[in-house]
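Single-structure report; data block below.
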Amino acid sequence: MRFLVLILVGFFALRGEAADKLGAPELIALAQAQSPELRAGIEATFEAKDLKEGTAWAGHGPDFFFAVEAPSTPTLMIDDAAGPPMTQLPGAQLWYSVAHIEPVSHLHAFHYLVDGAKFGGRLDLPALGPLSYLQPGVPSGQLSERLTHTSKIYDGMKSEYWIYVPAQYDANTPAAVMVFQDGGAYIDRNGNNPILNVIDNLIAQKKIPVMICIFINPGDISDSPGTPTYNFVKAYSDKWHRTLKDSMRSTLYDTVSDKYPRFLRDEILAEVGAKYNLRKDGYSRAITGLSSGGICSFNAAWQMPDLFSRVITWIGSFESIQWKEDPAVPDGGQDYSDKVLREPHRNIRVWLQDGSNDLENPNYGDWPMANIRMANSLKTREYDFHFSFGKGTHNPGHGAAQFPEEMIWLWRDYDAAKTEQQFMPDPAEKSKPYFRVTITSRDAD
(Lines give C-alpha, C1' and ligand atoms only; values in the text may rest on other atoms or scores of the structure.)
Protein backbone atom coordinates (compact mmCIF):
# COMPACT_ATOMS: atom_id res chain seq x y z
CA MET A 1 0.00 0.00 0.00
CA ARG A 2 2.85 2.40 0.80
CA PHE A 3 4.25 1.79 -2.71
CA LEU A 4 0.84 2.64 -4.19
CA VAL A 5 0.61 5.85 -2.18
CA LEU A 6 4.09 6.96 -3.23
CA ILE A 7 3.25 6.39 -6.90
CA LEU A 8 0.04 8.40 -6.61
CA VAL A 9 1.75 11.23 -4.74
CA GLY A 10 4.39 11.40 -7.45
CA PHE A 11 1.74 11.49 -10.15
CA PHE A 12 -0.33 14.18 -8.47
CA ALA A 13 2.82 16.28 -7.98
CA LEU A 14 3.21 16.38 -11.73
CA ARG A 15 -0.28 17.72 -12.34
CA GLY A 16 -0.12 21.22 -13.70
CA GLU A 17 3.01 20.34 -15.65
CA ALA A 18 3.00 18.86 -19.14
CA ALA A 19 1.35 15.44 -19.01
CA ASP A 20 3.96 12.69 -19.20
CA LYS A 21 3.53 9.11 -20.23
CA LEU A 22 3.12 6.75 -17.31
CA GLY A 23 4.56 3.31 -16.85
CA ALA A 24 2.52 0.23 -16.12
CA PRO A 25 3.07 0.46 -12.32
CA GLU A 26 1.71 4.03 -12.26
CA LEU A 27 -1.33 3.16 -14.38
CA ILE A 28 -2.03 0.07 -12.31
CA ALA A 29 -1.78 2.10 -9.10
CA LEU A 30 -4.27 4.67 -10.42
CA ALA A 31 -6.64 1.89 -11.48
CA GLN A 32 -6.45 0.10 -8.15
CA ALA A 33 -7.10 3.37 -6.32
CA GLN A 34 -10.03 4.11 -8.67
CA SER A 35 -8.41 7.50 -9.09
CA PRO A 36 -10.17 10.24 -11.07
CA GLU A 37 -6.73 10.91 -12.60
CA LEU A 38 -6.74 7.57 -14.42
CA ARG A 39 -8.35 8.92 -17.59
CA ALA A 40 -5.75 11.67 -17.89
CA GLY A 41 -3.04 9.11 -17.28
CA ILE A 42 -4.38 6.84 -20.04
CA GLU A 43 -4.72 9.68 -22.52
CA ALA A 44 -1.21 10.94 -21.75
CA THR A 45 0.31 7.49 -22.11
CA PHE A 46 -1.34 5.99 -25.17
CA GLU A 47 -1.83 7.28 -28.68
CA ALA A 48 -5.49 7.89 -29.56
CA LYS A 49 -5.01 5.60 -32.57
CA ASP A 50 -3.93 2.69 -30.37
CA LEU A 51 -6.90 3.17 -28.04
CA LYS A 52 -9.31 3.19 -30.99
CA GLU A 53 -7.68 0.18 -32.64
CA GLY A 54 -7.40 -1.88 -29.45
CA THR A 55 -3.62 -2.13 -29.45
CA ALA A 56 -2.74 -0.11 -26.32
CA TRP A 57 -0.89 -1.84 -23.49
CA ALA A 58 1.78 -1.23 -20.88
CA GLY A 59 3.69 -3.87 -18.94
CA HIS A 60 6.18 -4.30 -16.14
CA GLY A 61 7.25 -7.88 -15.56
CA PRO A 62 4.09 -10.00 -15.28
CA ASP A 63 1.84 -6.99 -14.54
CA PHE A 64 0.00 -5.37 -17.43
CA PHE A 65 -2.43 -2.53 -18.02
CA PHE A 66 -4.80 -2.57 -21.01
CA ALA A 67 -7.04 0.21 -22.32
CA VAL A 68 -9.40 0.33 -25.29
CA GLU A 69 -12.24 2.38 -26.77
CA ALA A 70 -15.35 0.31 -27.45
CA PRO A 71 -19.10 0.99 -27.77
CA SER A 72 -19.98 -1.99 -25.57
CA THR A 73 -18.28 -4.15 -22.98
CA PRO A 74 -15.13 -5.73 -24.46
CA THR A 75 -13.83 -9.10 -23.34
CA LEU A 76 -10.06 -9.17 -22.92
CA MET A 77 -8.50 -12.36 -24.28
CA ILE A 78 -4.91 -13.21 -23.27
CA ASP A 79 -3.23 -16.14 -25.04
CA ASP A 80 -6.71 -17.07 -26.33
CA ALA A 81 -8.18 -17.37 -22.82
CA ALA A 82 -10.51 -14.89 -21.14
CA GLY A 83 -8.64 -12.36 -19.02
CA PRO A 84 -9.81 -10.12 -16.19
CA PRO A 85 -13.03 -8.14 -16.79
CA MET A 86 -12.84 -4.64 -18.27
CA THR A 87 -13.97 -1.59 -16.31
CA GLN A 88 -15.55 1.44 -17.99
CA LEU A 89 -14.41 4.95 -17.15
CA PRO A 90 -17.38 7.19 -16.23
CA GLY A 91 -18.69 9.30 -19.10
CA ALA A 92 -16.52 7.69 -21.78
CA GLN A 93 -16.37 4.71 -24.11
CA LEU A 94 -13.01 3.97 -22.57
CA TRP A 95 -12.38 0.65 -20.84
CA TYR A 96 -9.41 -0.67 -18.89
CA SER A 97 -8.17 -3.77 -17.14
CA VAL A 98 -5.22 -4.85 -15.00
CA ALA A 99 -3.82 -8.33 -15.64
CA HIS A 100 -1.11 -10.58 -14.23
CA ILE A 101 0.45 -12.67 -17.02
CA GLU A 102 2.76 -15.63 -16.54
CA PRO A 103 5.25 -16.97 -17.44
CA VAL A 104 7.73 -14.12 -17.67
CA SER A 105 10.63 -14.07 -20.12
CA HIS A 106 8.12 -15.16 -22.74
CA LEU A 107 6.06 -13.64 -25.52
CA HIS A 108 2.29 -13.51 -25.09
CA ALA A 109 -0.63 -12.24 -27.17
CA PHE A 110 -3.93 -10.47 -26.56
CA HIS A 111 -7.06 -9.32 -28.37
CA TYR A 112 -10.64 -8.33 -27.53
CA LEU A 113 -14.09 -9.67 -28.28
CA VAL A 114 -16.61 -6.89 -28.88
CA ASP A 115 -20.19 -7.97 -29.58
CA GLY A 116 -18.85 -11.44 -30.35
CA ALA A 117 -16.31 -10.25 -32.93
CA LYS A 118 -12.53 -10.31 -32.60
CA PHE A 119 -11.08 -6.82 -32.28
CA GLY A 120 -7.62 -5.27 -31.95
CA GLY A 121 -4.83 -6.88 -30.01
CA ARG A 122 -1.19 -7.71 -30.62
CA LEU A 123 0.80 -10.89 -31.06
CA ASP A 124 3.87 -9.28 -29.49
CA LEU A 125 3.28 -8.87 -25.75
CA PRO A 126 6.57 -9.47 -23.93
CA ALA A 127 6.45 -10.32 -20.25
CA LEU A 128 9.93 -9.32 -19.14
CA GLY A 129 11.59 -11.33 -16.40
CA PRO A 130 13.35 -9.99 -13.29
CA LEU A 131 16.75 -9.82 -15.01
CA SER A 132 15.34 -7.15 -17.33
CA TYR A 133 15.01 -4.79 -14.36
CA LEU A 134 18.00 -3.58 -12.39
CA GLN A 135 18.21 -5.73 -9.28
CA PRO A 136 18.83 -4.32 -5.77
CA GLY A 137 22.50 -3.72 -5.05
CA VAL A 138 23.60 -4.10 -8.66
CA PRO A 139 25.84 -1.20 -9.77
CA SER A 140 24.92 0.65 -12.95
CA GLY A 141 27.39 1.30 -15.70
CA GLN A 142 27.73 4.60 -17.54
CA LEU A 143 26.31 5.39 -20.97
CA SER A 144 28.29 8.01 -22.87
CA GLU A 145 26.80 11.01 -24.54
CA ARG A 146 25.88 10.54 -28.18
CA LEU A 147 29.05 10.47 -30.25
CA THR A 148 29.47 11.06 -33.99
CA HIS A 149 31.92 9.33 -36.28
CA THR A 150 32.67 10.40 -39.87
CA SER A 151 33.59 7.43 -42.02
CA LYS A 152 36.36 7.13 -44.58
CA ILE A 153 35.25 3.71 -45.81
CA TYR A 154 31.77 5.11 -46.57
CA ASP A 155 32.89 8.47 -48.00
CA GLY A 156 31.92 10.86 -45.24
CA MET A 157 28.90 9.00 -43.82
CA LYS A 158 28.18 10.17 -40.28
CA SER A 159 27.28 7.58 -37.65
CA GLU A 160 25.94 8.24 -34.18
CA TYR A 161 26.87 5.85 -31.41
CA TRP A 162 27.02 5.43 -27.63
CA ILE A 163 29.58 3.61 -25.49
CA TYR A 164 28.41 1.72 -22.41
CA VAL A 165 31.02 1.07 -19.73
CA PRO A 166 30.05 -1.28 -16.88
CA ALA A 167 30.79 -0.35 -13.29
CA GLN A 168 33.25 -3.26 -13.02
CA TYR A 169 35.45 -2.06 -15.89
CA ASP A 170 39.14 -1.78 -14.96
CA ALA A 171 41.36 0.02 -17.46
CA ASN A 172 44.17 -2.37 -16.58
CA THR A 173 42.16 -5.39 -17.73
CA PRO A 174 40.94 -5.62 -21.32
CA ALA A 175 37.16 -5.93 -21.54
CA ALA A 176 35.02 -8.05 -23.79
CA VAL A 177 33.06 -6.17 -26.48
CA MET A 178 29.53 -6.32 -27.86
CA VAL A 179 28.20 -4.23 -30.76
CA PHE A 180 24.48 -3.45 -31.19
CA GLN A 181 23.11 -2.36 -34.57
CA ASP A 182 20.29 0.24 -34.53
CA GLY A 183 21.87 1.05 -31.19
CA GLY A 184 19.57 3.87 -30.12
CA ALA A 185 16.73 1.36 -29.78
CA TYR A 186 18.50 -0.43 -26.93
CA ILE A 187 19.54 2.31 -24.50
CA ASP A 188 16.30 3.15 -22.66
CA ARG A 189 16.36 1.37 -19.30
CA ASN A 190 12.64 2.04 -18.83
CA GLY A 191 11.49 0.97 -22.30
CA ASN A 192 10.33 -2.38 -23.63
CA ASN A 193 13.89 -3.31 -24.57
CA PRO A 194 15.89 -2.60 -21.37
CA ILE A 195 19.19 -4.13 -22.46
CA LEU A 196 21.35 -2.04 -20.11
CA ASN A 197 19.61 -3.52 -17.07
CA VAL A 198 20.21 -7.05 -18.34
CA ILE A 199 23.90 -6.38 -18.94
CA ASP A 200 24.37 -4.89 -15.46
CA ASN A 201 22.56 -7.78 -13.77
CA LEU A 202 24.38 -10.53 -15.64
CA ILE A 203 27.82 -8.99 -15.17
CA ALA A 204 27.10 -8.69 -11.44
CA GLN A 205 26.05 -12.36 -11.36
CA LYS A 206 29.19 -13.29 -13.35
CA LYS A 207 27.07 -14.96 -16.01
CA ILE A 208 28.66 -12.82 -18.72
CA PRO A 209 32.09 -11.17 -18.74
CA VAL A 210 32.76 -7.53 -18.04
CA MET A 211 32.06 -6.00 -21.42
CA ILE A 212 32.01 -2.63 -23.10
CA CYS A 213 29.01 -2.23 -25.38
CA ILE A 214 28.83 -0.08 -28.50
CA PHE A 215 25.34 0.99 -29.57
CA ILE A 216 25.62 2.28 -33.12
CA ASN A 217 22.91 3.74 -35.33
CA PRO A 218 22.87 3.43 -39.12
CA GLY A 219 24.83 6.20 -40.77
CA ASP A 220 23.66 9.27 -42.67
CA ILE A 221 25.26 10.14 -46.03
CA SER A 222 23.19 13.25 -46.78
CA ASP A 223 26.07 15.64 -46.03
CA SER A 224 28.35 14.06 -48.65
CA PRO A 225 26.62 14.51 -52.03
CA GLY A 226 28.54 13.42 -55.10
CA THR A 227 30.64 10.75 -53.38
CA PRO A 228 30.49 7.14 -54.62
CA THR A 229 28.61 6.08 -51.48
CA TYR A 230 26.11 8.91 -51.82
CA ASN A 231 25.51 8.18 -55.50
CA PHE A 232 24.92 4.48 -54.84
CA VAL A 233 22.58 5.11 -51.91
CA LYS A 234 20.67 7.84 -53.80
CA ALA A 235 20.14 5.53 -56.78
CA TYR A 236 18.88 2.79 -54.47
CA SER A 237 16.59 5.29 -52.74
CA ASP A 238 15.10 6.42 -56.05
CA LYS A 239 14.70 2.87 -57.35
CA TRP A 240 12.88 1.50 -54.31
CA HIS A 241 11.17 4.71 -53.13
CA ARG A 242 12.90 4.63 -49.75
CA THR A 243 14.31 7.59 -47.86
CA LEU A 244 18.00 8.36 -48.19
CA LYS A 245 18.64 7.45 -44.55
CA ASP A 246 16.72 4.19 -44.78
CA SER A 247 18.60 3.35 -47.96
CA MET A 248 21.90 3.99 -46.22
CA ARG A 249 20.84 1.58 -43.48
CA SER A 250 20.04 -1.09 -46.05
CA THR A 251 23.33 -0.51 -47.84
CA LEU A 252 25.21 -0.99 -44.58
CA TYR A 253 23.19 -3.85 -43.12
CA ASP A 254 21.81 -5.92 -46.01
CA THR A 255 24.91 -6.09 -48.21
CA VAL A 256 26.65 -9.47 -48.11
CA SER A 257 30.30 -8.39 -48.10
CA ASP A 258 33.13 -7.53 -45.73
CA LYS A 259 32.70 -3.75 -46.08
CA TYR A 260 30.59 -3.09 -42.97
CA PRO A 261 32.70 -5.45 -40.79
CA ARG A 262 35.79 -3.54 -41.98
CA PHE A 263 34.05 -0.29 -41.02
CA LEU A 264 33.44 -1.64 -37.52
CA ARG A 265 36.97 -3.01 -37.18
CA ASP A 266 39.01 -0.20 -38.72
CA GLU A 267 36.93 2.80 -37.65
CA ILE A 268 34.49 2.24 -34.78
CA LEU A 269 36.36 -0.37 -32.74
CA ALA A 270 39.62 1.47 -33.37
CA GLU A 271 38.06 4.73 -32.16
CA VAL A 272 36.55 3.15 -29.04
CA GLY A 273 39.74 1.17 -28.46
CA ALA A 274 41.71 4.41 -28.27
CA LYS A 275 39.66 5.32 -25.17
CA TYR A 276 39.12 1.96 -23.52
CA ASN A 277 41.09 -1.25 -23.10
CA LEU A 278 39.27 -3.73 -25.35
CA ARG A 279 39.82 -7.42 -25.99
CA LYS A 280 41.02 -7.96 -29.54
CA ASP A 281 40.19 -11.67 -29.92
CA GLY A 282 36.99 -12.67 -31.71
CA TYR A 283 36.35 -15.13 -28.87
CA SER A 284 35.63 -12.12 -26.63
CA ARG A 285 33.51 -10.16 -29.08
CA ALA A 286 29.81 -10.43 -29.85
CA ILE A 287 27.47 -8.63 -32.23
CA THR A 288 23.68 -8.33 -32.44
CA GLY A 289 20.87 -6.62 -34.27
CA LEU A 290 17.27 -6.96 -35.40
CA SER A 291 15.72 -7.23 -38.85
CA SER A 292 18.35 -5.98 -41.33
CA GLY A 293 20.56 -5.46 -38.29
CA GLY A 294 20.17 -9.20 -37.65
CA ILE A 295 21.57 -10.30 -41.00
CA CYS A 296 24.17 -7.55 -40.65
CA SER A 297 25.37 -9.11 -37.41
CA PHE A 298 25.51 -12.61 -38.87
CA ASN A 299 27.29 -11.27 -41.96
CA ALA A 300 29.94 -9.54 -39.81
CA ALA A 301 30.74 -12.79 -37.99
CA TRP A 302 30.60 -14.83 -41.19
CA GLN A 303 32.95 -12.50 -43.03
CA MET A 304 35.31 -12.05 -40.07
CA PRO A 305 34.94 -14.75 -37.41
CA ASP A 306 38.25 -13.55 -35.96
CA LEU A 307 36.50 -10.23 -35.28
CA PHE A 308 33.17 -11.53 -33.90
CA SER A 309 32.48 -15.13 -32.91
CA ARG A 310 29.17 -14.67 -31.05
CA VAL A 311 25.94 -13.55 -32.73
CA ILE A 312 22.34 -12.83 -31.73
CA THR A 313 19.86 -12.07 -34.51
CA TRP A 314 16.24 -11.06 -33.94
CA ILE A 315 13.77 -11.34 -36.84
CA GLY A 316 16.79 -11.44 -39.18
CA SER A 317 16.28 -10.34 -42.80
CA PHE A 318 17.94 -13.24 -44.59
CA GLU A 319 16.42 -11.96 -47.81
CA SER A 320 17.40 -10.52 -51.22
CA ILE A 321 17.20 -6.88 -50.15
CA GLN A 322 20.58 -5.80 -51.57
CA TRP A 323 20.90 -8.66 -54.05
CA LYS A 324 22.54 -7.51 -57.32
CA GLU A 325 22.25 -3.81 -56.40
CA ASP A 326 26.04 -3.66 -56.69
CA PRO A 327 27.40 -5.80 -59.58
CA ALA A 328 30.59 -6.33 -57.59
CA VAL A 329 28.67 -8.10 -54.79
CA PRO A 330 27.32 -11.40 -56.17
CA ASP A 331 25.49 -12.69 -53.09
CA GLY A 332 22.30 -11.60 -51.35
CA GLY A 333 20.91 -12.30 -47.93
CA GLN A 334 18.74 -15.09 -49.34
CA ASP A 335 21.92 -16.99 -50.18
CA TYR A 336 23.06 -17.39 -46.60
CA SER A 337 21.30 -20.68 -45.90
CA ASP A 338 23.11 -22.12 -48.94
CA LYS A 339 26.40 -20.44 -48.06
CA VAL A 340 26.27 -22.06 -44.63
CA LEU A 341 25.86 -25.45 -46.31
CA ARG A 342 28.46 -25.03 -49.05
CA GLU A 343 31.19 -22.76 -47.74
CA PRO A 344 33.92 -23.61 -45.19
CA HIS A 345 32.72 -23.88 -41.60
CA ARG A 346 33.16 -20.73 -39.50
CA ASN A 347 33.87 -20.96 -35.80
CA ILE A 348 30.88 -18.93 -34.62
CA ARG A 349 28.05 -19.34 -32.10
CA VAL A 350 24.61 -18.09 -33.22
CA TRP A 351 21.23 -17.44 -31.56
CA LEU A 352 18.41 -16.93 -34.09
CA GLN A 353 14.95 -15.64 -33.17
CA ASP A 354 11.89 -15.26 -35.37
CA GLY A 355 8.10 -15.69 -35.34
CA SER A 356 5.57 -17.38 -37.59
CA ASN A 357 3.81 -14.06 -38.25
CA ASP A 358 6.94 -12.26 -39.45
CA LEU A 359 6.99 -10.50 -42.81
CA GLU A 360 5.89 -11.76 -46.21
CA ASN A 361 7.27 -9.16 -48.61
CA PRO A 362 6.41 -9.15 -52.34
CA ASN A 363 9.88 -7.90 -53.29
CA TYR A 364 12.04 -9.99 -51.00
CA GLY A 365 10.26 -13.06 -49.69
CA ASP A 366 9.26 -14.83 -46.50
CA TRP A 367 11.08 -14.01 -43.25
CA PRO A 368 9.93 -17.04 -41.20
CA MET A 369 10.83 -19.51 -43.95
CA ALA A 370 14.23 -17.87 -44.44
CA ASN A 371 15.00 -18.14 -40.73
CA ILE A 372 13.87 -21.77 -40.62
CA ARG A 373 16.16 -22.52 -43.57
CA MET A 374 19.01 -20.79 -41.76
CA ALA A 375 18.40 -22.85 -38.62
CA ASN A 376 18.33 -26.13 -40.54
CA SER A 377 21.48 -25.23 -42.47
CA LEU A 378 23.30 -24.40 -39.23
CA LYS A 379 22.11 -27.70 -37.75
CA THR A 380 23.21 -29.69 -40.80
CA ARG A 381 26.72 -28.25 -40.62
CA GLU A 382 26.88 -28.80 -36.85
CA TYR A 383 27.16 -25.18 -35.82
CA ASP A 384 26.71 -24.13 -32.22
CA PHE A 385 23.32 -22.48 -32.64
CA HIS A 386 19.92 -22.04 -31.02
CA PHE A 387 16.68 -21.20 -32.83
CA SER A 388 13.88 -19.55 -30.85
CA PHE A 389 10.72 -19.59 -32.97
CA GLY A 390 7.39 -18.23 -31.73
CA LYS A 391 4.20 -16.69 -33.09
CA GLY A 392 5.34 -13.07 -33.16
CA THR A 393 5.46 -10.52 -35.95
CA HIS A 394 8.32 -8.32 -37.20
CA ASN A 395 8.77 -6.95 -33.73
CA PRO A 396 11.54 -7.04 -31.08
CA GLY A 397 9.23 -8.15 -28.26
CA HIS A 398 10.14 -11.84 -28.32
CA GLY A 399 13.87 -11.17 -28.56
CA ALA A 400 13.73 -8.64 -25.73
CA ALA A 401 11.78 -11.01 -23.46
CA GLN A 402 14.45 -13.68 -23.93
CA PHE A 403 17.49 -11.41 -23.94
CA PRO A 404 18.80 -12.54 -20.51
CA GLU A 405 18.57 -16.17 -21.63
CA GLU A 406 20.17 -15.30 -24.97
CA MET A 407 23.13 -13.62 -23.32
CA ILE A 408 23.70 -16.42 -20.82
CA TRP A 409 23.61 -18.96 -23.67
CA LEU A 410 25.85 -16.87 -25.92
CA TRP A 411 28.54 -16.37 -23.29
CA ARG A 412 28.28 -19.75 -21.55
CA ASP A 413 31.62 -21.33 -20.61
CA TYR A 414 33.48 -18.10 -21.41
CA ASP A 415 36.97 -18.06 -19.89
CA ALA A 416 38.78 -14.74 -19.78
CA ALA A 417 42.09 -16.61 -19.72
CA LYS A 418 41.43 -17.90 -23.25
CA THR A 419 41.55 -16.16 -26.61
CA GLU A 420 39.91 -18.93 -28.62
CA GLN A 421 37.60 -21.91 -28.34
CA GLN A 422 36.30 -24.39 -30.87
CA PHE A 423 32.53 -24.06 -30.63
CA MET A 424 30.66 -27.36 -30.67
CA PRO A 425 26.89 -27.89 -31.09
CA ASP A 426 24.88 -27.21 -27.97
CA PRO A 427 24.15 -30.65 -26.45
CA ALA A 428 20.55 -29.54 -25.87
CA GLU A 429 20.17 -29.05 -29.64
CA LYS A 430 22.25 -31.90 -31.01
CA SER A 431 19.70 -34.70 -30.49
CA LYS A 432 16.69 -32.69 -31.65
CA PRO A 433 15.11 -33.15 -35.11
CA TYR A 434 15.16 -30.63 -37.93
CA PHE A 435 12.59 -27.85 -37.93
CA ARG A 436 9.49 -28.73 -39.95
CA VAL A 437 6.64 -26.56 -41.22
CA THR A 438 2.97 -26.92 -40.32
CA ILE A 439 0.48 -24.90 -42.35
CA THR A 440 -2.16 -23.33 -40.12
CA SER A 441 -3.68 -20.71 -42.41
CA ARG A 442 -5.30 -23.14 -44.89
CA ASP A 443 -7.58 -26.14 -44.67
CA ALA A 444 -5.67 -29.41 -44.58
CA ASP A 445 -6.11 -31.90 -47.45
Side-chain angles (χ1 to χ4, degrees), residues 79 105-109 122-128 180-182 185-186 192-193 195 249-250 253-254 256 286-302 310-322 332-341 348-381 383-407 409-410 426 428-429 432-441:
D79 296 334
S105 303
H106 283 262
L107 193 69
H108 300 271
R122 291 187 183 274
L123 294 171
D124 304 287
L125 189 72
L128 302 180
F180 293 73
Q181 318 320 307
D182 294 304
Y186 295 87
N192 291 324
N193 195 6
I195 297 307
R249 177 179 183 268
S250 180
Y253 287 1
D254 295 309
V256 177
I287 187 166
T288 186
L290 60 90
S291 189
S292 290
I295 187 177
C296 169
S297 299
F298 183 86
N299 177 73
W302 183 263
R310 304 169 194 268
V311 184
I312 297 173
T313 86
W314 296 352
I315 52 177
S317 301
F318 295 99
E319 306 292 355
S320 60
I321 299 174
Q322 281 288 331
Q334 82 283 359
D335 296 321
Y336 255 125
S337 57
D338 294 320
K339 291 169 74 67
V340 169
L341 290 174
I348 57 178
R349 176 179 284 174
V350 184
W351 179 293
L352 300 170
Q353 175 275 320
D354 200 25
S356 58
N357 289 283
D358 202 350
L359 297 175
E360 179 72 43
N361 185 283
N363 292 319
Y364 306 123
D366 185 312
W367 267 244
M369 291 297 294
N371 277 272
I372 291 170
R373 288 192 66 205
M374 280 292 295
N376 282 337
S377 293
L378 290 166
K379 182 174 180 62
T380 297
R381 291 299 308 278
Y383 276 83
D384 186 8
F385 86 101
H386 179 90
F387 185 36
S388 178
F389 192 74
K391 298 180 180 180
T393 67
H394 200 69
N395 182 285
H398 190 178
Q402 291 188 327
F403 187 67
E405 178 186 354
E406 295 161 11
M407 289 290 281
W409 181 91
L410 192 71
D426 182 354
E429 169 59 38
K432 292 181 179 178
Y434 285 93
F435 296 92
R436 291 294 179 251
V437 177
T438 300
I439 297 175
T440 59
S441 62

Discussion item. Taking side chain to side chain contact (heavy atoms under 4.5 Å, CB included) as the definition, give me every residue that meets it alongside N357, ordered by chain and number, with sequence neighbours left out.
Written reply: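 Partners of N357 by the side chain to side chain contact (heavy atoms under 4.5 Å, CB included) criterion, ordered by chain and then number, come out as L123, K391, T393.
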
Worksheet entry | side chain to side chain contact (heavy atoms under 4.5 Å, CB included) against Q334, all qualifying residues, sequence neighbours excluded |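 Partners of Q334 by the side chain to side chain contact (heavy atoms under 4.5 Å, CB included) criterion, ordered by chain and then number, come out as S320, W323.
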
For residues [X] and [Y], determine if any side-chain heavy atom of one lies less than 4.5 Å from a side-chain heavy atom of the other.
{"X": "Y253", "Y": "N299", "answer": "no"}
{"X": "L352", "Y": "F389", "answer": "no"}
{"X": "D124", "Y": "L107", "answer": "yes"}
{"X": "H386", "Y": "V350", "answer": "no"}
{"X": "I372", "Y": "F387", "answer": "yes"}
{"X": "I312", "Y": "F403", "answer": "yes"}
{"X": "Y383", "Y": "I348", "answer": "yes"}
{"X": "K379", "Y": "F385", "answer": "yes"}

Might you point out which heavy atoms bring [X] and [Y] nearest each other, and give the distance in Å?
{"X": "I315", "Y": "W367", "result": "O-CD1, 3.8 Å"}
{"X": "S377", "Y": "S337", "result": "OG-O, 2.8 Å"}
{"X": "G289", "Y": "S297", "result": "N-OG, 3.2 Å"}
{"X": "L128", "Y": "A401", "result": "CD2-CA, 3.7 Å"}
{"X": "A370", "Y": "E319", "result": "CB-OE2, 3.3 Å"}
{"X": "P126", "Y": "G397", "result": "CB-O, 3.4 Å"}

With distance as the sole test, does [X] use its side chain to make a donor-acceptor pair with the main-chain N or O of [Y] at under 3.5 Å?
{"X": "T313", "Y": "G294", "answer": "no"}
{"X": "D182", "Y": "A185", "answer": "no"}
{"X": "R381", "Y": "L341", "answer": "yes"}
{"X": "D335", "Y": "G332", "answer": "yes"}
{"X": "R310", "Y": "L410", "answer": "yes"}
{"X": "N371", "Y": "F318", "answer": "no"}
{"X": "D79", "Y": "A109", "answer": "yes"}

Practice prompt. Return the orientation label for the Y186 and W314 ring planes: parallel under 30°, perpendicular over 60°, tilted otherwise.
Written response: tilted

Worksheet item: Once the angle between the rings of H106 and H108 is folded into 0 to 90°, is it parallel (under 30°), tilted (30 to 60°) or perpendicular (over 60°)?
Response: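 Ring orientation of H106 relative to H108: tilted.
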
Item to complete: Carefully, step by step, assess W351 and V311 under the rule side-chain contact (heavy atoms from CB on, under 4.5 Å).
Response: CA-CA 6 Å; W351 179 293; V311 184; over 6 Å; no

Item to complete: In plain terms, say whether R349 and D426 are close enough for a salt bridge, that is, a side-chain N and a carboxylate O under 4.0 Å apart.
Response: no

Discussion item. Less than 4.0 angstrom from a charged side-chain N to a carboxylate O is my criterion; do D254 and R249 meet it?
Written reply: no

Rounded to the nearest 0.5 Å, what separates atom [atom1] in [X] from atom [atom2] in [Y]?
{"X": "M369", "Y": "S356", "atom1": "CE", "atom2": "OG", "result": "12.0 Å"}
{"X": "T380", "Y": "R373", "atom1": "OG1", "atom2": "CZ", "result": "11.0 Å"}
{"X": "K339", "Y": "M374", "atom1": "NZ", "atom2": "CE", "result": "11.0 Å"}

Worksheet item: Should Q402 and S105 be marked as a side-chain hydrogen bond (donor to acceptor under 3.5 Å, both in side chains) after you check the CA-CA gap, both sets of side-chain angles, and the distance that decides it?
Response: CA-CA 5 Å; Q402 291 188 327; S105 303; over 6 Å; no

Worksheet entry | Test side-chain contact (heavy atoms from CB on, under 4.5 Å) applied to F298 and V340, step by step | CA-CA 11 Å; F298 183 86; V340 169; 4.0 Å; yes

